[in-house]
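Residue numbers start from 1 in every chain, and the chains themselves are labelled A, B, ... in the order their sequence lines are given, proteins ahead of strands.
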Amino acid sequence: MIIVPSAMPLQEASDANMVWSSEGKENVKNLENIFHHCSDIVFFSFSFQGGQQASLIYVDGMVDNLQIDEHVIEPLVTRYEQDSEEDGVTVESVRRTLTAVKVKTHTTMQEVVELMLSGMTILIPHQSDTAFSIEAIQFDKRSVTEPDAESVVRGPRDGFVETMQSNTSLLRRRIRSPKLKIQPIKRGKLTHTTINLVYMEGLASEQLLEEVKRRLDNITLESILDSGYVEQCLEDNPYSPFPQLLTTERPDVASSHLLEGRVVILVDGSPVALIAPALWVSFLQSPEDYYERHFFGTIVRWLRYASIFVALLGPSIYVAVISYHQEMIPTALILTMAKARAQVPFPALVEALLMELMFEALREAGARLPKQVGSAVSIVGALVIGQAAISAGLVSAPMVMVVAITGVASFIVPHYNLGISVRLLRFPIILLSGFLGLIGTMMGFILLVTHLLTLKSFGVPYLTGVAPFRSSMMKDILIRQPVWVENMTKETDQMQNAEQSSDKANQGNGLG
Amino acid sequence: MEQGRITWPQLGMLMYLMVGATSVLIVPSVTAKYAHQDLWMTPFIGSVVGFVAIYMALRLYRYYPNQSIIQYGEHLLGKWIGGAANLVWLFFLWQNTGVILREYGEFIVGSVLLRTPQSVVSICLIFVCALAIRGGIEVLGKFALLITPLFLGFVIFIPLLLTPEMDVLQITPVLENGWKPVLKGSILPMEWFMEYVLVSFMLPYATGQQSPWRWLSLPIILMLGTMVLLNLTCLFVFGDLTSMYTFSVFNAAKYISLGNIIEHIEAIVMVLWIMGGFVQISSWYYILVIGTAQSFHIRDYRPLVFPIGILIVAMSLWIVNDLSEMTKLFATSGAVFAAVVQICYPALLLLIAWWKHKTGETKYRERPDSPSAT
């Protein structure tokens with residue numbers, strides 16, 4: 001990946017050493033001063049065939065030594081021929097001798113330092129005022145594997161990795177079109193992280209691109225270690241509990257969003273791509289909906305809609321009904337429930353909060369622990385604690401069931417970050433229902449909906465499709481329409497558009 | 001002042017819920033008191049007033065497309081008379097918002113949260129509404145459009161699920177005592193239908209290519225259908241006993257029992273009602289806030305939201321002592337006040353505007369939505 005140097009000054013180096021002199025030897029010395037105490041920077045001196053001295057400077061472990069040997073050192077040592085009679089080394093003759101593919105010349109210290117730190121090999125002949133950068137980057141990287149957080153039964157198995165090159169190539173391999181544009185920006189004063197803005201020219205709206213670029217430019221973080229940092233800087237409403245950018249580790253998901261005119265933001269060093277703008281409905285869609293047959297996709301979608309309501313309101317409705325509206329429960333059921341709750345000392349509200357907190361703790365422990373220990377946590381947590389709590393009379397069996405159902409329902413949400421916010425919002429709604437019954441549940445729900453109605457993601461209303469209502473989007477919300485219908489409608493649309501535009505052209509001619 | 005915009009379908013549904021949500025709550029039992037088994041005819045007479053109200057509001061909207069009734073009232077009547085009239089209007093809005101809040105409070109306290117104080121329920125409701133109207137009219141419009149299908153669903157499903165309990169012959173004898181009781185009973189629905197004139201507060205914020213007439217007539221027709229359907233349901237289930245229950249539709253819902261599965265759904269009915277009630281209270285509240293800001297020429301209405309909310313809670317506690325007093329208010333002085341403010345005053349304004357138009361002082365715009373760059 002060629003990293004385009006940004007205009008940002010390197011503040012960590014002292015100014016005196018940042019000066020570029022016309023003597024190559026002087027420049028090497030300055031670089032040695034700059035990289036004082038950096039044992040991973042290699043300074044390698046050798047002489048050309050004519051006897052001229054030169055230095056190679058690179059970061060150890062980021063450079064392919066074989067390539068450098070074969071295409072840089074060997075030709076210079078054995079075949080270098082001076083063009084003119086002059087003493088100095090001319091740019092043309094070095095270029096002619098080198099057999100490496102990507103060679104560029106530079107004459108500022110800042111450029112040289114930045115390029116070297118991003119993995120380029122720098123060649124400075126001691127009698128020249130020019131430095132050469134040779135791209136022969138090779139470093140250890142994780143191979144492309146299936147993303148754990150977004151697994152599918154059917155569909156491509158590759159996922160983004162931490163290396164930018166691999167990620168852009170994964171996208172390019174799916175969309176082989178010159179319209180796929182990738183624009184790099186560098187952000188992070190210390191980390192100099194590359195952020196790539198990926199979009200389809202002509203499909204993504206100009207306004208959206210402008211807005212994304214503006215927000216990326218405004219990032220003034222010291223360090224960017226993951227795309228999460230960027231995500232938090234790009235959000236419209238940072239105080240909202242809802243995620244306002246879609247995240248994915250799957251190149252197929254990123255590509256499908258690109259083809260729908262959205263913008264994908266890749267951050268170097270992070271396997272998680274950001275997608276903007278994000279709509280509420282896209283958080284509830286999984287790529288597999290489209291890979292499996294459409295009946296299945298539709299049914300699973302409805303299952304998700306139902307489960308997000310259960311995840312959000314399940315325990316609060318249980319608390320409200322148990323404490324205020326017992327008449328809603330059928331008589332046979334209320335008798336068994338009353339028996340189960342008879343020896344529980346706490347009111348339903350406390351019981352619910354206790355169990356929900358317990359569940360969250362177990363989930364967090366399971367996520368952080370090494371995989372081998374994780375299963376032990378789930379056995380201890382689910383079986384031992386759950387069963388023991390019931391027999392000890394701390395909680396009732398129905399409550400354990402409600403919490404378990406809620407937990408399962410919250411994991412059905414395909415995007416983890418929406419699942420988090422739903423699980424978080426459960427707690428205030430449980431409290432409200434504990435105090436005001438179903439009225440409280442309703443109030444919490446109304447507050448949530450009104451918040452969602454005001455929320456926007458990059459200027460697009462979060463609930464677009466539902467409110468403001470778009471009947472054209474219903475075929476992807478209410479059902480997952482068969483793929484071939486989509487193609488057919490597109491064709492007819494195109495035909496209609498063509499007709500309309502030709503009509504307009506005719507009218508224009510008539511008027512003209 | 002308000003940056004948000006609302007589409008015509010959103011406005012229509014907002015009007016439906018704003019007027020309709022409480023009408024379902026109280027109207028059947030009170031009309032039954034006067035019209036007895038003919039209560040289902042009363043909404044037809046009442047709806048005429050609704051069309052008159054919409055007609056006046058839209059006519060005035062064409063004269064002053066960017067102003068609310070508060071603003072052109074002051075423009076037409078001058079600073080002093082118009083200002084005084086506006087104060088009366090604001091008082092009317094304040095009083096009615098308080099009454100509506102009280103209706104919901106009484107309903108919640110009377111039927112579900114039996115031991116909760118009235119004020120707690122009122123404050124909670126007003127707080128939720130306050131947060132919503134700080135989001136502007138857009139939130140209200142979108143919320144109304146989301147909720148209306150659910151609300152209509154329950155309006156249709158309650159009668160359907162109650163069919164086993166119904167006795168159609170309760171409707172006879174039709175017009176036993178002639179038209180007089182029917183006309184008397186239609187005063188209350190009329191009072192509700194009059195409220196459609198409040199659309200003039202929202203009209204300046206409406207956008208879209210749809211026909212205003214169609215989308216503003218739709219809520220009246222929907223509301224007419226709702227009232228007739230629910231009145232008939234109460235009549236068929238309870239007969240002449242309808243007037244004995246305060247919240248007759250809610251009580252009727254208690255009788256729903258289908259195959260031992262769908263039983264005791266009154267809590268769900270109540271929940272949907274609260275959703276509708278939320279839209280209703282917030283729209284009235286919003287109109288009161290924005291009307292206050294307009295009549296006192298305050299640029300931003302948001303700082304007014306919470307103080308006015310407190311005033312509304314106070315009004316809801318002052319206005320009446322109990323429900324029977326409230327129904328008495330609806331049938332007596334409240335009706336006269338509402339008619340003067342909501343029908344006579346706009347009619348007067350329309351007359352003046354029409355006269356000014358004749359004398360050439362005001363332009364009459366045929367299509368308020370067309371761009372003015374002609």
Side-chain angles (χ1 to χ4, degrees), chain A residues 237 239-240 280-281 309 313 316-334 428-429 431-456 459-471 474 477-478, chain B residues 4-7 9-10 13 104-105 107-109 111-116 120-121 123-136 138-147 149 208 254 257 260-279 281-282:
Chain A
N237 182 354
Y239 300 105
S240 170
W280 166 265
V281 285
F309 273 98
L313 301 178
S316 21
I317 288 180
Y318 176 77
V319 168
V321 168
I322 275 288
S323 351
Y324 294 92
H325 315 279
Q326 294 91 348
E327 74 280 358
M328 273 178 80
I329 311 169
T331 324
L333 188 58
I334 188 95
I429 301 187
L431 276 177
L432 272 174
S433 333
F435 292 132
L436 288 167
L438 275 180
I439 311 279
T441 318
M442 235 43 258
M443 281 177 184
F445 185 66
I446 288 171
L447 279 180
L448 257 190
V449 173
T450 48
H451 170 69
L452 280 172
L453 287 171
T454 48
L455 198 59
K456 283 181 176 174
V460 180
Y462 202 55
L463 291 182
T464 302
V466 186
F469 183 77
R470 297 268 176 281
S471 52
M474 280 300 142
I477 295 175
L478 293 179
Chain B
R5 289 291 176 269
I6 187 171
T7 63
Q10 285 173 357
M13 295 308 111
Y104 279 99
F107 172 57
I108 291 170
V109 171
S111 52
V112 259
L113 299 178
L114 298 171
R115 279 175 292 174
T116 312
V120 172
V121 175
I123 288 169
C124 287
L125 279 174
I126 270 299
F127 181 70
V128 173
C129 295
L131 288 184
I133 66 172
R134 281 175 71 89
E138 250 173 73
V139 172
L140 290 182
K142 284 177 182 172
F143 197 89
L145 202 58
L146 271 181
I147 292 305
K254 283 186 179 171
S257 166
N260 286 333
I261 305 166
I262 306 173
E263 263 185 340
H264 299 296
I265 61 163
E266 67 267 15
I268 298 169
V269 170
M270 179 205 66
V271 156
L272 271 168
W273 234 318
I274 299 301
M275 291 253 226
F278 161 75
V279 175
I281 299 171
S282 345

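Options A/L436, A/T454, A/V466 differ in how many heavy-atom pairs under 4.5 Å they form with chain B, and the most are formed by A/L436. Heavy-atom pairs under 4.5 Å with chain A were tallied for B/L145, B/I108, B/T7; the largest tally goes to B/I108.
Residue B/L131 holds its CG atom at 11.5 Å from CD1 of A/I446, rounded to the nearest 0.5 Å. A distance of 11.0 Å separates OH in B/Y104 from CD1 in A/I439, rounded to the nearest 0.5 Å. Atoms CG and NZ, from A/L452 and B/K142 in turn, are 10.5 Å apart once rounded to the nearest 0.5 Å. Going from atom CD1 of B/I274 over to atom CE of A/M443 covers 7.5 Å, rounded to the nearest 0.5 Å. For the atom pair CG of A/L453 and CD of B/E138, the computed distance is 9.5 Å after rounding to the nearest 0.5 Å.
Residue contact with chain A, scored on non-hydrogen atoms closer than 4.5 Å, is absent for B/I147. In this structure, chain A has a heavy atom under 4.5 Å from the side chain of B/F278, while its backbone stays farther away.
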